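Quick caveat: nothing in here was measured; it's all calculated off a predicted structure.
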Amino acid sequence: MNARLLFAIFLGLVFCNLSVAADPEPATAATVDYLIQHVAESKLIFIRNGSEHDAGEAAKLMQRKYNYVKSSVKTTEDFIRLAGTESHLSGKPYLVKMPDGKTIPSAQWLGSALREYRAKSK
């Protein structure tokens with residue numbers, strides 16, 4: 001089996017049990033949804049454990065991780081920390097490859113997107 005197939009199988013096993021606890025406040029949930037959609041529409045490359053993934057794959061992973069940790073998410077910053085910052089398996093940070101080829105931590109990129117979203121929402 002190739003590495004992508006093994007990765008997909010593993011993710012399916014890890015995230016098959018979704019949390020049924022209380023959802024975040026509606027405003028927080030809406031902001032998280034915006035960030036996940038922002039990732040999907042970014043057309044950037046996201047790097048997880050050394051492997052590159054397109055924006056759509058990254059958004060799907062973040063959605064699955066969010067579904068798994070939703071009961072622990074009280075703020076959008078919690079979402080970024082719990083679902084958008086690092087691999088829970090390896091502890092390695094997620095990176096975002098910018099159009100110029102430079103990589104930055106996804107936490108930094110998501111934090112910037114969150115600040116821009118909040119500034120527009122005022």
Side-chain angles (χ1 to χ4, degrees):
M1 281 191 231
N2 70 32
R4 281 189 176 224
L5 180 59
L6 288 173
F7 177 70
I9 292 169
F10 177 76
L11 283 178
L13 293 173
V14 169
F15 296 111
C16 68
N17 292 326
L18 300 178
S19 174
V20 294
D23 287 340
E25 293 292 322
T28 298
T31 305
V32 168
D33 290 344
Y34 165 81
L35 286 177
I36 293 171
Q37 188 63 35
H38 184 68
V39 167
E41 295 172 356
S42 71
K43 299 183 182 173
L44 297 173
I45 299 296
F46 292 78
I47 303 169
R48 181 185 183 277
N49 291 325
S51 297
E52 292 187 355
H53 302 275
D54 67 30
E57 291 172 321
K60 288 177 186 174
L61 173 66
M62 284 185 192
Q63 182 66 59
R64 285 191 300 267
K65 287 184 76 174
Y66 174 53
N67 291 343
Y68 185 74
V69 300
K70 194 178 280 190
S71 64
S72 299
V73 173
K74 305 297 180 231
T75 67
T76 309
E77 289 81 2
D78 289 340
F79 160 74
I80 292 171
R81 180 177 48 82
L82 295 170
T85 301
E86 67 182 21
S87 168
H88 288 244
L89 301 174
S90 69
K92 291 181 181 179
Y94 294 152
L95 301 172
V96 179
K97 185 184 283 187
M98 305 306 289
D100 64 2
K102 177 183 171 188
T103 60
I104 62 171
S106 64
Q108 178 183 337
W109 187 82
L110 288 167
S112 178
L114 176 59
R115 285 187 297 280
E116 289 175 17
Y117 174 79
R118 287 178 172 160
K120 289 178 189 176
S121 299
K122 287 184 179 183

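Residue Ser106 holds its OG atom at 9.0 Å from CD1 of Ile80, rounded to the nearest 0.5 Å. The distance from the NZ atom of Lys120 to the OH atom of Tyr34 is 5.0 Å, given to the nearest 0.5 Å. Note that CD of Glu116 and NE2 of His38 are 6.5 Å apart. Values are rounded to the nearest 0.5 Å. Residue Thr28 holds its OG1 atom at 8.5 Å from CG of Asp78, rounded to the nearest 0.5 Å. From Arg81, atom CZ reaches atom OG1 of Thr76 across 12.0 Å, with rounding to the nearest 0.5 Å.
Ring orientation note: the planes of Phe79 and Tyr66 are nearly perpendicular, at an angle over 60° on the 30°/60° scale.
Side chains of Pro99 and Leu44 form a contact here, defined as non-hydrogen atoms less than 4.5 Å apart. Proximity of Leu89 to Arg48: side-chain heavy atoms (C-beta onward) are separated by under 4.5 Å at one or more points. Inter-residue side-chain proximity for Val96 and Thr103 is flagged as unmet; no heavy-atom pair is nearer than 4.5 Å.
For Ser112 (side chain) and Gln108 (main-chain N/O), no donor-acceptor pair under 3.5 Å exists by modelled atom type. With hydrogens and angles ignored, the 3.5 Å screen pairs no side-chain donor or acceptor of Ser87 with any backbone N or O of Lys92. Using a distance-only test at 3.5 Å, with no hydrogens or angles considered, a donor-acceptor pair links the side chain of His88 to the main chain of Leu82.
Tracing side-chain contacts under 4.5 Å through hydrophobic residues (I, L, V, M, F, W, Y), one never reaches Ile36 starting from Ile47; they form parts of separate clusters. No continuous path of ILVMFWY side-chain contacts below 4.5 Å connects Met98 to Leu95, so the two sit in separate hydrophobic clusters.
Nearest heavy atom pair, residue Glu77 against residue Leu114, reads OE2-CD2, 3.6 Å. The two residues Ala55 and Ala40 make their nearest non-hydrogen contact at CB-O, 3.6 Å.
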**Message:** Working note: Met62 + Val39, criterion side chain to side chain contact (heavy atoms under 4.5 Å, CB included); need CA distance, chi angles, decisive distance, verdict.
**Reply:** CA-CA 9 Å; Met62 284 185 192; Val39 167; 3.9 Å; yes

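For an aromatic pair to be called close, the ring centres must be under 6.0 Å apart, and Tyr94 with Trp109 fails this.
Using modelled atom types, one finds a donor on one side chain and an acceptor on the other under 3.5 Å when comparing Gln63 with Asn67.
Counted within 6.0 Å of CD on Glu41, heavy atoms from surrounding residues, nucleotides or ligands total more than 12; the atom is thus considered enclosed.
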